[in-house]
Structure formats: structure tokens, C-alpha cells
Amino acid sequence: MVKQTDFNAVLSAVEAAALNDVVNLTSDRVEALAGGHGMVNMALFSVADVIVEELQKGQSLEVKFANARKLPVDDIMKKAIDAAKASGADGANAALIVASMMYLAGSAAQVGVPAGNRKLGATARMLAGVDRSGVSAIPTTKMNSKVSAFPAVAAIYEAIRKGELSPVDGRDIPPFVGGAIYGHSALGEDYIWPALVKKGAQIGTQAMLDSMAGIGIGGSKFQAAILGAAAILEIIHPDAEVPEECGTYGRTSSVYLVGKLAAETAGLPEKLHMRITGEEYDTAHVVGDIGLILKDIGGPSVIGMMAMAEVLACFEERISGGSGGAHNPPLGHMTGYTMCAIKALQAGMKPDEIGRAIVADRCSDVVNPYPAPFCIYVVAKKASELHNGPVTKLLVEVTLPYVTKLIHDKALTTYEGLNAGKTLAEIVKQMDDERVADAEKYGAKYWKKIANRDVTVKYLKIANAARRTSKSCQKYLAFDPLITVEVTEGDRHVVLEHYTDQVIPAVCLKKDTENAWTVEIAAPITSELVLSGCMILNVVIPAAVAALMGYGPIEDTSAEAEAAAYITAGIPGPKMAARRLGRLAQKNYDVLTQPWVV
């Protein structure tokens, strides 16, 4: 028999326990992430904090062409690099994160020519104390698989060997023609480098696109472009001017032409727009400058490149990263709004205004808005343990009320359900049913927004172990989901049985030529559901409330809740998190409901 317990005491006890440690609210390994294991996304928060702290002190991010050993910006970069390292990034990854964030914050990628010139990537590398690495060793991000930039380098050098890039054979250049009369005059700037840029950027970028496709990944146009750009920038004179018809003298270097050709080859939009502020960027400049940074930065790892991709998730055009993607998880990607916050603060927006705009932007651009503020909160809160600066505080404070509401609503639903005679399993299943319904509803709205497509998606079956017999696959949804989904668009209506394990492979292997449209529509919504372990409130809150109400000990309520959470318990972790949270909630409740005798 469930005790008629005071709900206020139950809620206070559970809420305080839940907000005590975000590790108990997710099955994603955020404690490991805080050490840089798997991703270094929390380093972005630390770097953002340092940049804003220095800007608030009146410091300048300007990279100057000065005859000086050090610039004020060097000190800022060093502080940011140290903060990134303290947040789990190694030297090369820290250098890349800092260089890419400072570039978008307003630091020039290159200044000056020839002696005493400064390049943002090279400066970051030196301040981080790491060696340079050739572009061929730089990997793409993990897109399940990944490739290095070697294909771009190899393709460009093969074209060079065949004499296909330069209109001038080096053996035909007279002796003593070099230096300024070559590099900053007509021969180099009007004839050789424009040809190298055009063909090299195209060849390198196309090689990356082909190589990603060749290992069976959809790939990333943006990564193909920046790595193709980096590969040719490793060869040509990056400080040279361009022909006058290509740009303004003194303001447009060969790096811009590289970026322009690489972006066009990859099929990127001409302009990019910063989320929240709407600030417009020329894609050619962004691709060329990031390519320049990469060719100087050292040897970042896959997770360093993933962090950089999340920095560039700040653009509305969704060219990069997962922070602004269609689905919320996994939490290793949840960082793109750090860059948006920096830009908004620079634009003079107030912190509360920025926070509200970030939540509104994220909730309107995802297939399920309810976990969206939660995901930002969890990563920001864990990052605050590493460096609790203005950006991190802003993101924690603006998302906390939404997390509090989620906890409150789930505690109230559990309390009322148990008092109405429902079992804990029934209550938890109802919560997960609602999670599916939300993804269906808002998934349709997502497609309407991004593509003006009127679709409906209905999940008819969600179960485990579609094709495997292992115990973990039998227990956890994410490892081998068995999905039947119904997709409708206009007069087209299809029921897809074995969606992930049979339909998707059949479409990709061209054995099914009719259902590609359905796979595309259902994919982001299915990913949201399968990776729902990013937020396990549907397990930990009901289990804790039920234990406090006398339904059973927390060891039993956590097991019952996990077993019923067919979506939320998609990966290992909810049961143990519920037990930790429940034990703390019990301690809170005992003090709340007993006289405090000193």
C-alpha cells in the first residue's frame, strides 16, 4: 500500500538529489568526457569562458602585423590553451579548439607578409608546445568511420607529378627569378598560384568527397572542403595577393581563392549565418581560413576534429557538427552554442536575452524539443566543474528552469499515478510512450521547417535484438533496435518492418530503390529515440519517488523502472543511477520530515 506522503517533501528531496550530480541524470559518460575521454567538448566551454573573461577586461583579440616578439592576444591564447588542456584536451587538440574559436570571435587567421607575419594556427600550435604535422595526418571527424586528409594530399601531388597544376614548368624559370619578383609579382600572383589554387582546391576537395564515399559514409561537405583547402595551402604561397579581378589588393590573399574553389567544389552555400545574432559570413573566407589554420595547427586527433566541428555548428546552415543537428544526443556533441554565446555577448546582447534565444533556437530546430535544454544543461553543468566562467554560467542558468520543470512534472506524475493505483511500470511506460509521441509530432514539424515537407511518422514497434542474440542486445535498444515505422507523405504511405536492420541496408546497397525517401524522413527521429539514454529522467525520478512513497526499496523500484523504460533505458546505466539518486533522496527526505534536534 502506497503511503499518502507529503508531496512537497518528496519533491524537495528528489529534486535536490537529482540536481546534486548530473551524472545521475544521463547514461552518457559525462564524467569521462570531463577528462577528455571520447570527446573534448567540455574544453570548448572553458575556452569560451576565457575568451569572454578577457574581452570583459578590455583585452583585444586582434592579431597585428607588429614588429614585436609578443602580442597581447598571445596571452589570451595561452590562457585559453591552458584551460582547454585542464579540461581534457591534449596540446594539438587544445591549439585547434582555441584557434578556431578565436577566429570566429574575430582574430584574423593571417596577418602580414613576409617577415614577421603571424598565422593564428601556427601561433596556437607554438603556444601549446606541440610539433607541426603534415596535413595528410589530419583525420576527419568520426562519422562512424573516418579518413585522414591523405587522399587530398595524394591526389594533389599526383596531379603535380603529371604537370597538371602549374601553367609554368619550373625548369623553364631563368636563374635568379625568385623572391619578390616571383612571389609578389606577376609570375606567382597572376599565373602560377591562381592555377594551383583552382585545380588544387578542386582536386583535393573532390578526393576527400570520393574517399569518404569510398568507405561507405555519407561524409561531410564542409570537412572535405577544409581538408582539401589545407592540402593545397600546404603547397602554395598563402600570403600572396590575388589578381585584381579576384579581390582587393592587400585584403584578399590566395587563401580566399582556395576557400572559394573548395567550397564550390563541395557544394557549400555561398553565405553562412551565425545562430542567435544572424551575423553573415562569406563561406569562402571561412573555408580558406580554417584550412590555413589546419595546415599549421599540428596533429589533432579525431576527437579534436570533432570538437572543431562543434565550434562550427554555430551556423544556421548546419554545415558542421551535431550541436545544431536534428536530434539531441549524444551529449559529446552538445557544445555549439558556446560560440553563439560569445558572438552574442560581443554584439551587446544581455545574458538573459542570449539564454532565452539559445533555448528557443534549439527547441525549434530539433525533432524533440523537451530533452534539448536538458542536454545543454548537463554538459554545461559538468563543464562548470572545470571552469565556471561567464559562458558556462549563462548556459547553466538559462537551462536549469527547464530541467527543474521536467523533474517536477515527472515526480508529480509518479506521485499521482501511484496514489491512483497504477504500478510503477505502468507509469514509466506511459512516460516513454509520450517520449515517442513527442518525437513523432515534432519530427513532422522539423521536416516542415527545414524542407517544407508534410509528413507523418508513426512507430508501430520498438523492441530490442533485431538480429543479434547477445544478452546486452536483448536488453538494450540502442545496440540492435527492432523498429517498425509507418511513414506518410502526401499520397505515399509505407510501413517499414525491420527499419534499421533490413530496410536501411537494402536502400544503401541499392536493393531497394523505392524507399530511400522514407529512410531519410524516419532517420533523425529514430536516432533521437534510439539514443534516448542521454536523458534518463523517466527512470531515475519515478524510481526515487516510488521508493520514498513506500512502494518498495530503491533497489527494486530502480529495476522495475529500468525494465519498463523501453526507450529511455536504451543503453546501460539507468538502474545504478536511479539507486544513487534514490539513496540521496531518502537522506534528504529523512531530514525534511523529522524534527531537527541539535
Side-chain angles (χ1 to χ4, degrees), residues 99 109-110 112-114 117-122 125 131-140 147-173 177-211 223-243 246-247 252-266 284-300:
Q110 61 179 150
V113 58
N117 75 49
R118 283 180 161 87
K119 294 184 174 63
L120 192 61
R125 185 194 75 240
D131 294 330
R132 187 186 176 278
S133 170
V135 171
S136 64
I138 298 176
T140 63
V147 293
S148 73
F150 173 77
V153 174
I156 290 170
Y157 274 96
E158 180 62 15
I160 290 171
R161 189 186 66 79
K162 293 178 179 179
E164 296 174 349
L165 258 62
S166 173
V168 175
D169 189 318
R171 288 165 288 202
D172 296 332
I173 299 176
V177 174
I181 63 172
Y182 176 154
H184 294 286
S185 192
L187 179 61
E189 293 183 342
D190 295 356
Y191 293 92
I192 295 178
W193 289 315
L196 295 181
V197 163
K198 182 175 182 180
K199 296 177 182 177
Q202 291 173 332
I203 289 170
T205 301
Q206 191 61 52
M208 292 307 301
L209 291 169
D210 293 342
S211 297
Q223 290 186 63
I226 59 174
L227 290 172
I232 190 63
L233 285 169
E234 197 171 39
I235 295 169
I236 68 169
H237 190 333
D239 303 317
E241 297 297 326
V242 299
C246 297
T252 310
S253 72
S254 55
V255 173
Y256 171 79
L257 289 187
V258 168
K260 187 173 187 296
L261 271 297
E264 289 175 354
T265 302
H285 276 302
V286 173
V287 169
D289 289 343
I290 295 295
L292 181 69
I293 287 170
L294 285 172
K295 77 99 175 168
D296 287 326
I297 205 66

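We use all heavy atoms of the structure for the numbers below, so side chains are in, but hydrogens, waters and symmetry mates are not.
- Taking Ala263 as the reference, Leu268, Thr283, Val287 meet the side chain to side chain contact (heavy atoms under 4.5 Å, CB included) condition, with sequence neighbours excluded.
- Listed by chain and residue number, Asp169 satisfy the side chain to side chain contact (heavy atoms under 4.5 Å, CB included) test with Asp172 (two or more places apart in sequence, or in another chain).
- Under a 3.5 Å cut-off, the side chain of Ser166 and the backbone N or O of Val168 do form a donor-acceptor pair.
- Within the structure, every pair that satisfies the side chain to side chain donor-acceptor pair (under 3.5 Å) test and touches residues 195-207, not counting sequence neighbours, is listed here: Gln206-Asp210.
- Within the structure, side chain to side chain donor-acceptor pair (under 3.5 Å) pairs that include any residue of residues 147-158 comprise Glu158-Arg161 (at least two apart or interchain).
- Of all heavy-atom pairs spanning Pro167 and Tyr191, the tightest one is CG-O, 3.5 Å.
- Between Trp193 and Leu257 there is no side-chain heavy-atom pair separated by less than 4.5 Å.
- The aromatic rings of His237 and His184 lie perpendicular to each other, with more than 60° between the two planes, well past the 30° mark.
- Qualifying ring pair (Phe, Tyr, Trp, His ring centres under 6.0 Å) partners for Phe150, counting only residues two or more places apart in sequence or in other chains: none.
- Side-chain atoms of Val197 and Ile232, non-hydrogen and from C-beta on, never get closer than 4.5 Å to each other.
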Review item, side-chain donor-acceptor pairs of residues 131-140, under 3.5 Å, at least two apart:
| from | atom 1 | to | atom 2 | distance (Å) |
| --- | --- | --- | --- | --- |
| Arg132 | NE | Lys295 | O | 3.2 |
| Arg132 | NH2 | Glu234 | OE2 | 2.7 |
| Arg132 | NH2 | Lys295 | O | 3.0 |
| Thr140 | OG1 | Val147 | N | 3.2 |
| Thr140 | OG1 | Val147 | O | 3.2 |

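- The CD1 atom of Ile156 lies 7.0 Å from the CD1 atom of Ile203; values are rounded to the nearest 0.5 Å.
- Atom CG of Asp296 sits about 6.5 Å away from atom NZ of Lys119, to the nearest 0.5 Å.
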Quick one: do Ile235 and Leu165 satisfy side chain to side chain contact (heavy atoms under 4.5 Å, CB included)? Show the steps, please. CA-CA 12 Å; Ile235 295 169; Leu165 258 62; over 6 Å; no

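- Within the 4.5 Å cutoff, the side chain of Ile192 has heavy atoms near those of the Leu187 side chain.
- The two residues Gly291 and Ala229 come nearest to each other via the heavy atoms CA-CB, 4.3 Å.
- What you find for Ala231 and Ala152 is that their closest heavy atoms are CB-CB, 3.9 Å.
- To the nearest 0.5 Å, atoms NZ (Lys260) and OG1 (Thr265) are separated by 10.0 Å.
- Across all non-hydrogen atoms, the minimal contact from Ala201 to Ala262 is CB-N, 3.9 Å.
- Between Leu233 and Leu292, the shortest heavy-atom contact is CD1-N, 3.6 Å.
- Taking every heavy atom of both residues into account, Pro300 and Ile297 meet most closely at CD-CG2, 3.7 Å.
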